[in-house]
Amino acid sequence: MKTDIHPEYHEITVVMTDGSSFTTRSTMGKPGDTLRLDIDPKSHPAWTGVQKLLDTGGQIAKFNKRFANFGLKK
């Protein structure tokens, strides 16, 4: 391997969404830094099978307003 071209590889702490943490090695940040996860396998719908709709910026409300009258007429 060439010298002086690879990033420094050191230990960091990863904090999951439920507050649990573990230590791993990474090139992120500086030694001893903390990585706080917003989504992890304990909370992501792909692993839990439970979906939560997050209406960021009103996109769901905008969709519902736009298509409120769309559908079968009674």
With no hydrogens and no angle check, is any side-chain donor or acceptor of His10 less than 3.5 Å from a backbone partner on Asp33? no
(message) Less than 4.5 Å apart, side chain to side chain, heavy atoms only: is that true for Glu11 and Ser26?
(response) no
Which of Thr13, Leu35, Ile12 passes side-chain contact (heavy atoms from CB on, under 4.5 Å) with Thr24? It is Ile12
Do Leu37 and Val15 have side chains that approach each other closer than 4.5 Å (heavy atoms only, starting at C-beta)?
no
Between Ile5 and Lys2 the two heavy atoms that sit nearest each other are CD1-CB, 3.6 Å
According to a 4.5 Å side-chain heavy-atom criterion applied to Ile, Leu, Val, Met, Phe, Trp and Tyr, with indirect links allowed, do Met28 and Val14 form part of one hydrophobic cluster? yes
Report task. Kindly check if the number of other-residue, nucleotide or ligand heavy atoms within 6.0 Å of CZ (Arg25) is above 12? Result -> yes
